[in-house]
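The block underneath contains the structure these notes are about, expressed in structure tokens.
Given the structure is predicted, the values throughout are model-derived calculations rather than measurements.
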Amino acid sequence: SVVDYRGSILLDTFVRPTHHVHSLRFLETNIQLSDVANAPVFDEVRNRVASLVQSKIIVGHSLWVFLSIMGLSHSTLETRDLALFRPLRRKLHSSRIVDLPTLVHIYMGRKIGLGTEDSLENARACIDLFRSCEVQFEDVVHVGAWPCDLPPTSYSQYFT
């Protein structure tokens, strides 16, 4: 799922599996075989995502995972990764990455991820959380500093 700055849907689709899938983990994902059987193929979705994010600031949580799965690279200066944003973690006295549902609950008083995982709910929660700390994030970027920790080094090829 990809949303714009206000949470409006730009892309929300399943992807047809490229390999045999033994289990769709329905209880966790709520995904049924019929959802993916006629879904677009991976390359089509990747191309759509690439054109949507090209030359844009992308906001998310653990963006290195998203970029590696999609096989895309993106400018580090055009990423806003909430998993790596030091002020969110510092306030929680955590040196480790804090998951998105916890960040959204602590900072916004919202509970997400109840029952099944919902990529659209997660995308909207990310942009809402970012908007709540955007001024702080962008002020640090504006002065030429960087407010985030680095993603794991094994993912460095996904950042330019």
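Cluster annotation: V2 is not connected to F130 through the hydrophobic network of ILVMFWY side chains, with a link wherever side-chain heavy atoms come within less than 4.5 Å. Cluster annotation: V3 is not connected to V53 through the hydrophobic network of ILVMFWY side chains, with a link wherever side-chain heavy atoms come within less than 4.5 Å. A chain of hydrophobic side-chain contacts below 4.5 Å, direct or via other Ile, Leu, Val, Met, Phe, Trp or Tyr residues, connects I69 to V49. Tracing side-chain contacts under 4.5 Å through hydrophobic residues (I, L, V, M, F, W, Y), one reaches V65 starting from L52; they form part of the same cluster.
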Stepwise side chain to side chain contact (heavy atoms under 4.5 Å, CB included) test for I58 and E78: CA-CA 6 Å; I58 59 172; E78 293 181 343; over 6 Å; no

Step-by-step side chain to side chain contact (heavy atoms under 4.5 Å, CB included) determination, L88 to Y107: CA-CA 9 Å; L88 293 179; Y107 288 102; 3.7 Å; yes

Derivation and outcome, side chain to side chain contact (heavy atoms under 4.5 Å, CB included), residues Y5 and V59: CA-CA 9 Å; Y5 184 79; V59 175; over 6 Å; no

Trace of the side chain to side chain contact (heavy atoms under 4.5 Å, CB included) decision for D81 with F66: CA-CA 11 Å; D81 197 323; F66 160 75; over 6 Å; no

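Applying side chain to side chain contact (heavy atoms under 4.5 Å, CB included) to I112 and the options H105, E121, R124 leaves one that passes, E121.
The nearest pair of heavy atoms linking E138 to R80 is OE2-NE, 2.6 Å. Across all non-hydrogen atoms, the minimal contact from L72 to A50 is CD2-CB, 3.8 Å. Residues R89 and L84 share a closest heavy-atom pair of NH1-CA, 3.8 Å. Between F159 and S73 the shortest heavy-atom distance is N-CB, 4.4 Å. Listed here is the closest heavy atom pair of S154 and Q157: O-OE1, 3.1 Å. Closest heavy-atom contact between I97 and H61: CG2-CE1, 4.2 Å.
Summarising the geometry, atom OG belonging to S95 is positioned 12.0 Å from atom CZ belonging to R90; distances are rounded to the nearest 0.5 Å. Rounding to the nearest 0.5 Å gives a distance of 11.0 Å between OG of S8 and CD1 of I127. Distance CG/L103 to OG/S94: 9.0 Å, rounded to 0.5 Å.
With contacts defined as side-chain heavy-atom distances shorter than 4.5 Å, the pair M108/L129 qualifies. In this structure, the side chains of T79 and I57 stay at 4.5 Å or more apart for every pair of heavy atoms. Inter-residue side-chain proximity for M70 and Y158 is flagged as unmet; no heavy-atom pair is nearer than 4.5 Å. Residues L82 and C126 are in side-chain contact: their nearest non-hydrogen atoms beyond the backbone lie under 4.5 Å apart. With contacts defined as side-chain heavy-atom distances shorter than 4.5 Å, the pair W146/L77 qualifies.
Side chain of H142 to backbone of F137: no donor-acceptor contact under 3.5 angstrom is found. A donor-acceptor contact shorter than 3.5 Å is absent between the side chain of R110 and the backbone of V104. Side-chain atoms of N47 come within 3.5 Å of backbone atoms of D43 as a donor-acceptor pair (strictly under, hydrogens ignored). Between the S68 side chain and the W64 main chain, a donor and an acceptor come within less than 3.5 Å of each other.
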Show me the donor-acceptor pairs within less than 3.5 Å that the side chains of residues 9-19 make with the rest of the protein, sequence neighbours left out.
unit_1 : atom_1 : unit_2 : atom_2 : d
D12    : OD1    : S1     : OG     : 2.4
R16    : NE     : A39    : O      : 3.1
R16    : NH2    : A39    : O      : 3.0

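Side-chain atoms of N122 and S119 form no donor-acceptor pair, as typed in the model, at a separation below 3.5 Å.
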